[in-house]
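What follows is one structure encoded as structure tokens, with my remarks underneath.
Heavy atoms only: backbone and side chains are in, while hydrogens, waters and symmetry mates are out. Protein chains get the first letters and strands the later ones, always in sequence-line order, with residue 1 at the start of each.
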Protein chains: 2
Amino acid sequence: MSLDLYQLRAFFNVAQTLNFSEAARKMCVTQSAVSHAVAKLERSAKGELFKRTGSRLSLSESGKILYRACETVFYALEKAEEGMSAAEGRSLGAIKLGATVEFGTTQLVKFLKGFMESDPGIQIDFRFDHELLRPLLKDELDIIIDCKNHNAEGLEKTPLFREEYVVIAVREFVKRRGIRSPGDLSRCRVLSIDKSAKWWGNFLNALPAGGRPEFSSVTEMTHIRAIINAALEGLGVGFVPRYCVEKELQDKRLVNVFPHLKLLEDNFYAYQKAGRAGLGRHRKLLDYLKKNIPRL
Amino acid sequence: MSLDLYQLRAFFNVAQTLNFSEAARKMCVTQSAVSHAVAKLERSAKGELFKRTGSRLSLSESGKILYRACETVFYALEKAEEGMSAAEGRSLGAIKLGATVEFGTTQLVKFLKGFMESDPGIQIDFRFDHELLRPLLKDELDIIIDCKNHNAEGLEKTPLFREEYVVIAVREFVKRRGIRSPGDLSRCRVLSIDKSAKWWGNFLNALPAGGRPEFSSVTEMTHIRAIINAALEGLGVGFVPRYCVEKELQDKRLVNVFPHLKLLEDNFYAYQKAGRAGLGRHRKLLDYLKKNIPRL
DNA sequence: GGCCGGTTATTAATATAATTCATAATGTTC
DNA sequence: GAACATTATGAATTATATTAATAACCGGCC
């Protein structure tokens with residue numbers, strides 16, 4: 001039984017996507033090539049690697065075993081490549097970094113400027129998106145920075161820093177509606193990422209169980225920047241990470257509606273696959289972030 | 001950089017043997033093929049894998065890194081193959097077992113009879129030789145059973161059982177030479193694997209520092225069986241593992257010259273490469289040996 | 001030095017294998 | 001059952017690996 005790395009790579013991609021065509025696209029070859037490769041691999045392994053029940057594709061028992069081996073193999077080789085690059089005094093490779101749109105575009109890029117200049121051996125590519133976990137699991141991203149709590153197995157989680165949320169509006173809006181306590185929010189327009197206002201959960205949880213307002217008017221806006229702009233226009237109150245509105249608060253265009261309210265803070269984490277946490281470039285990047293990020 | 005398993009295998013074999021021609025023989029291809037493969041690998045790795053100083057071949061820094069990765073990779077794949085075989089209900093593969101000539105040919109084969117019959121899914125091939133460690137490190141053997149103390153790194157050592165040594169001679173020889181105490185051996189012919197009688201070290205160490213005989217006549221015989229036969233012929237006294245002469249002692253053709261002397265016992269160990277200790281077939285074999293071997 | 005036995009590198013020809021294109025087969029959805 | 005999307009297959013093409021032959025190299029030796 002003589003395995004072949006190319007075939008294993010094809011198998012690995014198919015296993016991750018459960019889709020031959022997509023795997024082929026990822027590898028920049030035709031679907032036919034992937035099909036041939038996997039078929040040949042199944043012949044050398046003397047057994048089916050995928051269960052093809054109807055059109056549903058899933059890994060067979062053998063396939064699962066081989067998949068785990070592939071992780072080991074590819075990560076070992078990746079690490080070796082990095083080590084060899086370093087030994088030859090060449091670049092440490094690239095990192096595909098994922099982050100949420102708002103945080104990534106405004107903050108992360110700024111924070112990483114120093115790193116990218118001081119360590120040009122590491123090429124960083126950014127992808128800002130709301131969906132981060134799945135691409136990470138499919139190896140389309142190497143590291144993601146997210147304040148969500150992901151718990152997929154085989155994931156390594158590095159706490160980076162905390163973010164603080166604030167309730168914002170323009171001064172005039174607060175005055176006109178007579179907003180003094182959280183309960184008053186039930187009477188005015190509330191801006192939220194989602195219609196069900198789960199976005200405000202963190203705010204509501206910070207209030208005593210009895211005193212939580214029932215929002216009568218929730219306006220959905222799918223982007224944080226839109227919420228901020230709407231608040232600036234005096235359309236309603238928003239609930240956003242403080243770093244997003246630092247400037248607006250400073251020059252008084254927006255006010256922190258409840259400055260004395262102690263809100264729960266969200267943690268920002270970096271996630272990476274556990275097997276790749278040993279990569280030098282990953283360590284370097286995260287070390288930098290841990291050391292050089294100001295508290296938001 | 002797209003690595004290739006075949007090239008890695010070639011590199012790995014060259015690294016183990018430090019000899020392209022030998023690696024080629026091991027892989028059943030021409031030396032040219034190996035040379036091409038390694039050259040191509042060096043091109044994809046963008047660096048020399050071997051240092052070719054004069055005709056001396058050695059691993060470069062990059063080569064060392066890649067070598068370790070190869071160990072990880074090949075052992076991971078080997079384990080996956082075994083797992084997949086098991087999942088498909090097929091054989092667990094083969095073990096190349098090494099042991100010392102005397103012990104292996106007379107005892108080990110006997111002990112393993114039951115295992116080979118009860119577990120036909122595991123094919124065991126034997127190699128009896130005095131040199132065991134080097135073939136193990138080169139992956140020519142999978143497990144070796146040896147009473148020597150090997151300390152190479154990355155080796156896993158499993159204690160199996162103890163062997164007891166005895167001083168033997170024919171009764172008539174003992175009587176004629178008037179051998180009563182260890183000191184008397186200085187006067188008669190001593191049979192030893194080596195001319196310097198290091199072979200007898202274990203015996204001498206068991207005596208009080210003052211009372212150790214100085215052998216005046218050492219006859220070298222390179223095989224234990226030869227020593228036993230020589231002793232049977234009344235040529236001298238021998239020093240051999242008890243299991244080798246169990247029968248001769250029982251039917252009184254030989255006598256235990258110093259039955260009350262408490263000799264140090266040698267331990268028998270199984271050695272295998274640490275990375276492969278997780279292989280199911282290895283574990284099964286060693287478990288069997290640990291459970292089913294009588295004390296020698 | 002010059003020759004020998006051992007090695008590794010190189011070249012061009014050959015053999016082998018992988019990729020594609022085109023298309024068939026299969027399954028899903030409405 | 002037609003339209004769509006998927007995966008499998010076969011033959012032609014392309015790319016790659018292997019070989020045989022041979023050159024180049026090294027170290028030891030007379």
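For the pair B:Glu42 CD and C:dA9 C1', the interatomic distance rounds to 12 Å; values are reported in whole Å. If you measure from atom CG of B:Leu3 to atom P of D:dT16, you get 15 Å, rounded to the nearest angstrom. For the pair B:Arg56 CZ and C:dT7 P, the interatomic distance rounds to 12 Å; values are reported in whole Å. The interatomic distance linking A:Asp4 (CG) with D:dA15 (C1') rounds to 14 Å, in whole Å. What separates CZ of B:Arg43 from C1' of D:dA17 is a distance of 12 Å, to the nearest Å. Distance, A:Lys51 NZ to D:dT7 C1': 19 Å, rounded to whole Å. Rounded to whole Å, the distance from NZ on A:Lys40 to P on C:dT20 is 14 Å. Taking atom CG of A:Leu41 as the reference point, atom C1' of D:dA8 lies 16 Å away to the nearest angstrom.
B:Arg52 comes within 4.0 angstrom of the backbone, heavy atoms only, and of no base.
Note: B:Met84 CE to A:Leu49 CG = 5.0 Å, rounded to the nearest 0.5 Å. Distance OG1/A:Thr219 to CG/A:Leu191: 6.0 Å, rounded to 0.5 Å.
A cation-pi arrangement is present between A:Lys157 and A:Tyr269 under the rule of less than 6.0 angstrom and at most 45 degrees off the ring axis.
None of A:Arg276, A:Lys273, A:Arg9 except one satisfies the salt bridge (charged side-chain N to carboxylate O under 4.0 Å, His left out) rule with A:Glu78; the exception is A:Arg276.
Crowding of A:Lys79 atom NZ: a count of heavy atoms from other residues, nucleotides or ligands under 6.0 Å not exceeding 12. Heavy-atom contacts from other residues, nucleotides or ligands closer than 6.0 Å to NZ of A:Lys198 number 12 or fewer.
No side-chain heavy atom of B:Ile143 sits less than 4.5 Å from a side-chain heavy atom of B:Tyr271.
Within residues 10-24 of chain A, no residue places a heavy atom under 4.0 Å from DNA chain C. Of the residues in residues 29-39 of chain B, those lying under 4.0 Å from DNA chain C by heavy-atom distance are B:Gln31, B:Ser32, B:Ser35, B:His36.
Residue A:Gln7 places no side-chain N or O under 4.0 Å from the OP1 or OP2 atom of C:dA17. Between B:Tyr6 and C:dA17 there is no side-chain N or O to OP1 or OP2 distance below 4.0 Å.
In this structure, B:Phe12 and B:Phe74 have tilted ring planes: the angle between them lies in the 30° to 60° band.
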Worked check of ring pair (Phe, Tyr, Trp, His ring centres under 6.0 Å) between A:Phe128 and A:Phe103: CA-CA 9 Å; A:Phe128 304 121; A:Phe103 171 74; 9.0 Å; no
